[in-house]
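Below you will find the structure I want to go over with you.
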Protein chains: 4
Amino acid sequence: MNERSFIAELMTNKQQQILIAAESIIAREGYQGLSMQKLAEEAGVAAGTIYRYYDNKEALTAQLVERIFCQVALVILKDAEKGTVEQRFRRLWWNVVEFDARTTTNQLSYEQALHLPGANSGQHLELLLSTFQPMRQILVDGVEAGMFKDIRVEILVATSIEPAVGLARRRQQGMKFSNNELSTAYDLCWHSILK
Amino acid sequence: MNERSFIAELMTNKQQQILIAAESIIAREGYQGLSMQKLAEEAGVAAGTIYRYYDNKEALTAQLVERIFCQVALVILKDAEKGTVEQRFRRLWWNVVEFDARTTTNQLSYEQALHLPGANSGQHLELLLSTFQPMRQILVDGVEAGMFKDIRVEILVATSIEPAVGLARRRQQGMKFSNNELSTAYDLCWHSILK
Amino acid sequence: MNERSFIAELMTNKQQQILIAAESIIAREGYQGLSMQKLAEEAGVAAGTIYRYYDNKEALTAQLVERIFCQVALVILKDAEKGTVEQRFRRLWWNVVEFDARTTTNQLSYEQALHLPGANSGQHLELLLSTFQPMRQILVDGVEAGMFKDIRVEILVATSIEPAVGLARRRQQGMKFSNNELSTAYDLCWHSILK
Amino acid sequence: MNERSFIAELMTNKQQQILIAAESIIAREGYQGLSMQKLAEEAGVAAGTIYRYYDNKEALTAQLVERIFCQVALVILKDAEKGTVEQRFRRLWWNVVEFDARTTTNQLSYEQALHLPGANSGQHLELLLSTFQPMRQILVDGVEAGMFKDIRVEILVATSIEPAVGLARRRQQGMKFSNNELSTAYDLCWHSILK
DNA sequence: GATGAATGAGCCTTCATTCAT
DNA sequence: AATGAATGAAGGCTCATTCAT
C-alpha cells in the first residue's frame, strides 16, 4: 500500500471513526448524551468535520441505526447459513442468546438501536425486514422440509426466537443463567415448533 | 374533609395532571419532544409549578416510568389473579397480546417506557421485578401444582410469555394477525411449558 | 403610579430596550456586527430573553426596520402638516436636509434601514408608502391648489425632495455645506416644481 | 506572449472569475448569501484558491465594491464625454434613469454596492469621488460655459442628477413611468440648473 | 402555593481560513 | 499555483431551572 492510498483509507475511515464514536457515546450515556461537540471530541475530529460526512445529526443517527442492524444481523446469523435446518436453527438461537457476551460496553444493542429517534420510520422497518430475512428463511426452510409446524413464519419466529431475545435481554440486565438452564430453554423452543 | 387534606388532594391531582400531560407528550412526540415549557402548557400549570412536585426533569421522568410500569402491570394482570392456573395463564397471555388495542395514542407503551432515559437503572429493574411478580406467581403456582415443567421461572416466562410480547410489538408496528393465528401461537406457548 | 404598573412598564420597555440596542449596534458595526449574543449584552438582558419578544432574528430586524421608518417619518414631517403649502413644503425640505444633524451615532439612518435584509419585502414597501403618505400629500395639495405643475406626484417628489435626500446623504458622509448653498438648493427645488 | 505573462493573464482571469461569481451571488442572494465555499463553487475554483488572490473576505468585498463603482460609472458616463454640454448632460441623465434596464439579475446595482460592509470607508468615498469626476466635469463645463447657474457643483449635481437616481431606484422597486413622464422630469431637472 | 419572566449554559450548525498534498 | 479536507470560533436558538412577585 503506497502512502497515498494509506492516507485515502484513513480519510475514508474518518466516517467510520465518527460512527463508532457515536455508538460508543450512546451506549455509554444514551441518545440524550450525544452532542455533536462531544462526538467530535470522542472521534478525535473537529465539530465541523462531522458535517463533511453527514448532513446533520439526524442523518448520522439514521446511518448509525443501519450500521447496528447490519452488525447485529451478522452476529446473529454467523455460521447459520449452512448445514441442516436443525444445525442452522440451533446456531441462530444460541447466537441470539449469547449476543450480549460478544458486545462490549461500547456497543449499542439491537434493542437500544430500535429505540433511537427515527428507527421506526418505514424506511428502517423495511431495512430490518430484509436484513433479517435470512433468519426467517431458516424457519421457512424448516416448514418446507416438513419439519416445522405449517404456520405463518412470524408466529414461528415469535414462539421460538423471541424467547431467546428475552433471555439475552435479561442477561444484559445482569441476570445469570447456567448453560443447563439455557439448554432447557432451547429444547422448549425447538420442540414447540417441531411438527 | 378538612382544608389541609383538601389542599393535599389538589396537589396530588396537579401531580397526576403533570404526569399525564408528560405521558401524552412523549407518546405523541417522543421523549425529545418533552420540554418543561410544553409540559407546563399541556398540564395547564406554570413552568415553575412543576418544580414544586419534582426536583427536576429526571425525577419526573423516573416517576413517569414507574407510573407506566404499574399501569401496564394492571392491564396485563387484569382478571388474571383468580381462577385455575390455566385460566389465569390464558388471561395473562391474551392481555399481553392485546395490549396495544387497549392503549390510546396518548399512552406510552411498556416498550417505550423501558427506553426512557434512566429506565434501566437498578432501582427501576427492582421495581419491574416486584411489579410483575404476580405474573411470575402464575407460573410458580403452575409449577407447584405439578402442571408446568419444573424449571426456573425466568425460563418459563421467556418461553411462554415473551412470544406474546413479541407478537404485541409486531402488532404495534402495524403487522396484522388473525385470531386463528394468535390462537395457534397461544397453544404453542401453552404446550411448551406443560409437563 | 403604583409599584405593579411601574414594573409592568419596565417589562414592556424591555422590548424597546432590545430594539434600541439593536439599532445602536447596527449603526456602529453594520448588520454583520449584530449577533444575538452581542445584542443581549448591549441590551443588558440574557440571550434567551430576546426570544420572549421576538420569534427570531429576522422578526427583530423587521420590527427594527418599521421602527426606523416611523421615526424618520416623524422627524421628516415635523411641523409639516399645517400652514400654507409653501410653509409645509419648506418645512419638509429642510427637515430632510438637516436630518443627519438630529441623529446621533447610535441611530440608523433611513438609508441604512432601507438596506437591511428584508427591508425590500412587499410588506415593507407598503408600510413605507403609507408612512410617507403625508409627504406626498403636501405635493398633492400643491397641485390641487394650482400652485405646482400638474404632474404625477412621484415625479414631483423625485425632482424636489430627492435632491434634499442627496444633500443629507452627502452631509452624513462628511461633506459640508453653508446655509447659503443649501438655501440656493432649496430655491432650485422649489422653483422647479412651481407652475 | 511569453510564459510569464501567460500565467499572469490566467491569474488575472481567475481573479475576474472570482469577482464576477461574487457579484452574481450577492445580486442573487444578498451579501448574507456570500460564503467563501459557495463562491468557490460558483467561480469554479477551490476554496483555498480564493486566498491566493485576496487576503480575506473583506479584501475581496472591497475590490468588488471598487469594481462595481467603476462599472456603474462606465454605464452612467457612456457616450457622455463628447458633444455639447447639453448633449452630454442629457446622455448622463438618461443613462442614470435607465440604469436598471441595462443590468442583468447577475449584476449588483450601485445602491446595493454602496451598502456592502466597508463601502463607506474613507478610502471608498475618495474612489467614488474620482470615479464620478467626469460626471461632475459635465456640470463644471456647463458652469464655465455660462450655461448653468454659477453654484457649487455638488448642489447642481444634487438638484439635477439626484432626481434621476431617485427615479431609477423607484423603477428598480417596480414602479413604472411612461417616457412622457420621464421626459417631463428631465425637463424640470434641466431647466432648474440653467441660468 | 403558584406564577412566568428571566437566565445562561449548551445545543446544532455554518463558514472564513489554513495547510498538507 | 491549486486543491479541498479539516479546523474551531462563532452564530442563532432552545430549554431546564430559578426567583421575585
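Each chain gets a letter, A, B and so on, in the order its sequence line appears, and its residues count up from 1.
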> Just how far, in rounded Å, is P of F:dA1 from CD1 of D:Ile50?
Replying inline: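 Rounded to the whole Å, the gap is 16 Å.
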>> Looking at every non-hydrogen atom in both residues, tell me the closest pair between C:Leu39 and C:Ala22 and how far apart they are.
In response: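 Of all heavy-atom pairs spanning C:Leu39 and C:Ala22, the closest is CD1-N, 3.4 Å.
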> Between D:Leu39 (CG) and F:dG4 (P), how many Å, whole number?
Replying inline: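 Taking atom P of F:dG4 as the reference, CG of D:Leu39 is at 15 Å.
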>> Nearest whole Å is fine: how far is E:dA6 P from C:Asn13 CG?
In response: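 Interatomic distance, CG of C:Asn13 to P of E:dA6: 11 Å.
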>> Check the orientation of C:Phe69 and C:Tyr110. Use parallel for under 30°, tilted for 30 to 60°, and perpendicular for over 60°.
In response: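 C:Phe69 vs C:Tyr110 ring planes: tilted.
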> When the distance from NZ of C:Lys38 to P of F:dA9 is rounded to whole Å, what number comes out?
Replying inline: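 For the pair C:Lys38 NZ and F:dA9 P, the rounded distance is 17 Å.
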> For DNA chain E, what string of dots and brackets results from 5' to 3' when Watson-Crick and G-U pairs need both distances under 3.5 Å, crossing pairs get [ ], and pairs with another strand get |?
Replying inline: .||||||||||||||||||||
> Short question: side chain of D:Lys57, backbone of D:Leu34 - any donor-acceptor pair under 3.5 Å?
Replying inline: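 Flag set: sc D:Lys57 to bb D:Leu34 pair under 3.5 Å.
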> Could you give the OH-to-C1' distance, from C:Tyr53 to F:dC13, as a whole number of Å?
Replying inline: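 Atom-to-atom, C:Tyr53 to F:dC13, this comes out as 17 Å.
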>> Tell me whether A:Asn56 contacts the main-chain N or O of A:Ala59 through its side chain, where contact means a donor paired with an acceptor under 3.5 Å.
In response: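 It does hold such a pair.
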>> Counting primed atoms plus P, OP1 and OP2 as sugar-phosphate and everything else as base, spell out the protein contacts along nucleotides 12-19 of chain E at 4.0 Å heavy-atom distance: B, S or - for each nucleotide, 5' to 3'.
In response: SBB-SBB-
> Taking all atoms of both residues into account, what is the closest heavy-atom pair of A:Lys14 and A:Thr49, and its distance?
Replying inline: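 Heavy atoms only, the tightest pair is CD-CG2, 4.1 Å.
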> Do any side-chain nitrogens or oxygens of D:Lys14 fall under 4.0 Å of OP1 or OP2 in F:dA2?
Replying inline: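 For F:dA2, OP1 or OP2 has a side-chain N or O of D:Lys14 closer than 4.0 Å.
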> Knowing that exactly one of B:Gln17, B:Gln37, B:Arg28 qualifies, which makes a side chain to side chain donor-acceptor pair (under 3.5 Å) with B:Glu42?
Replying inline: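 With B:Glu42 as partner, B:Gln17, B:Gln37, B:Arg28 yield a single side chain to side chain donor-acceptor pair (under 3.5 Å), made by B:Arg28.
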> Tell me: CD of A:Glu41 to P of F:dT7, nearest whole Å?
Replying inline: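 Going from CD in A:Glu41 over to P in F:dT7 covers 13 Å.
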> Of the nucleotides E:dG1, E:dG8, F:dA1, which has the atom closest to the B:Arg52 side chain?
Replying inline: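 So the side chain of B:Arg52 is nearest to E:dG1.
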> Separation of A:Tyr31 atom OH from E:dC11 atom P, in whole Å?
Replying inline: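 Distance, rounded to whole Å: 13 Å.
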> Counting heavy atoms not belonging to D:Glu41, are there more than 12 under 6.0 Å from its CD?
Replying inline: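 Count not over threshold, so no.
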> Hey, mind stepping through D:Thr131 and D:Val72 against side-chain contact (heavy atoms from CB on, under 4.5 Å) and telling me if it holds?
Replying inline: CA-CA 9 Å; D:Thr131 307; D:Val72 170; over 6 Å; no
